[in-house]
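Worth knowing before you read on, the calculation uses all heavy atoms, side chains too, and leaves out hydrogens, waters and symmetry mates. A, B, ... follow the sequence lines: proteins, then strands. Residue 1 opens every chain.
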Amino acid sequence: AQKVTQAQTEISVVEKEDVTLDCVYETRDTTYYLFWYKQPPSGELVFLIRRNSFDEQNEISGRYSWNFQKSTSSFNFTITASQVVDSAVYFCALRGYSTLTFGKGTMLLVSP
Amino acid sequence: EAGVAQSPRYKIIEKRQSVAFWCNPISGHATLYWYQQILGQGPKLLIQFQNNGVVDDSQLPKDRFSAERLKGVDSTLKIQPAKLEDSAVYLCASSSVGQGDQETQYFGPGTRLLVL
């Protein structure tokens, strides 16, 4: 069975602070894919990134960066210089040979 | 490119009534998914279609939930009769390829259902 754990239920930061959202996963599949989605108050899940299990190279996209470490089964997400518009619920998800499994999400609140 | 469309956006019904949700996936996407998202939790898959065939409906409560995708494009999800615990957001997603490939699911805005 697959499992995704996002231990941080809610994080509050002040604008311009850096923030890291943690994600730990469990799977027995040898090939799998990891995802991060953003869910703003409007409710739509917005795709941010997909990472293959055989590609541990970290990725940076603007203020966003992702750290994939297979040894610790973690796929953490860092927002640099956070902005109010980053306020949302962020979901980490895993898909192996079966369905896409989501964590419970981390609510990020960025205040001015 | 237009995204996944869903309607209605909000629905309030009383328990034991029936309700239907509609989804139109991204053009050309063969795979369509329905998810249920209860407040404070991540989405949970209800059913997956590949074209007009069901791939996975193992978590669909078939005594009250049904879904169809007759022409392999848009889809409807129905609940009959609704229970209080069905209050949730129902999300539709689509992807261009199915399981086993590097598919990414793109989600619609969801339908917020409240059962009183």
Check your understanding: Should we say atom CD of B:Glu85 is surrounded by more than 12 heavy atoms from elsewhere, each under 6.0 Å from it?
Key -> yes
**Study point:** Contacting region of B:Gln37 [heavy-atom separation from chain A under 4.5 Å]
**Key:** side chain
Point to revise | CD on B:Gln41 to CZ on A:Phe102, rounded to 0.5 Å | key: 13.0 Å
Check your understanding: Among residues 108-116 of chain B, which ones touch chain A with a heavy-atom distance under 4.5 Å?
Key -> B:Gly108, B:Pro109, B:Arg112
Review point. Should we say atom NZ of A:Lys70 is surrounded by more than 12 heavy atoms from elsewhere, each under 6.0 Å from it?
Key: yes
Review point. If you group Ile, Leu, Val, Met, Phe, Trp and Tyr by side-chain heavy-atom gaps below 4.5 Å, do A:Phe91 and A:Phe47 land in one group?
Key: yes
Practice item. Using non-hydrogen atoms and a 4.5 Å limit, figure out which bit of A:Gln39 sits close to chain B: side chain, backbone, both or neither. Key: side chain
Point to revise | A:Lys38 atom NZ, neighbour heavy-atom count above 12 within 6.0 Å | key: yes
Exercise for review: For B:Lys71, look at atom NZ and say whether over 12 heavy atoms of other residues, nucleotides or ligands are found less than 6.0 Å away.
Suggested key: no
Check your understanding: So which heavy atom on B:Phe107 is nearest to which on A:Glu44, and how close?
Key -> O-OE2, 3.3 Å
Check your understanding: Can you tell me how far OG1 of A:Thr99 sits from CD of B:Gln48, rounded to the nearest 0.5 angstrom?
Key -> 8.5 Å
Check your understanding: Is B:Thr104 close to A:Tyr37 at the side-chain level, that is, under 4.5 Å between some pair of heavy atoms?
Key -> yes
Review point. Mind checking whether B:Tyr33 and B:Leu77 sit in one hydrophobic cluster, side chains of I, L, V, M, F, W, Y counted as touching below 4.5 Å?
Key: no
Exercise for review: Count the heavy atoms belonging to other residues, nucleotides or ligands that lie under 6.0 Å from CD1 of A:Ile60, then report whether that count exceeds 12.
Suggested key: no
Review point. For A:Leu45 and B:Pro43, which heavy atoms make the closest approach, and how far apart are they?
Key: CD1-CG, 3.7 Å
Review point. Linking I/L/V/M/F/W/Y whenever any side-chain heavy atoms sit under 4.5 Å apart, do B:Tyr106 and B:Leu91 land together?
Key: yes
Review point. Do you reckon B:Phe21 sits in the same ILVMFWY cluster as B:Phe65, going by side-chain contacts under 4.5 Å, direct or chained?
Key: yes
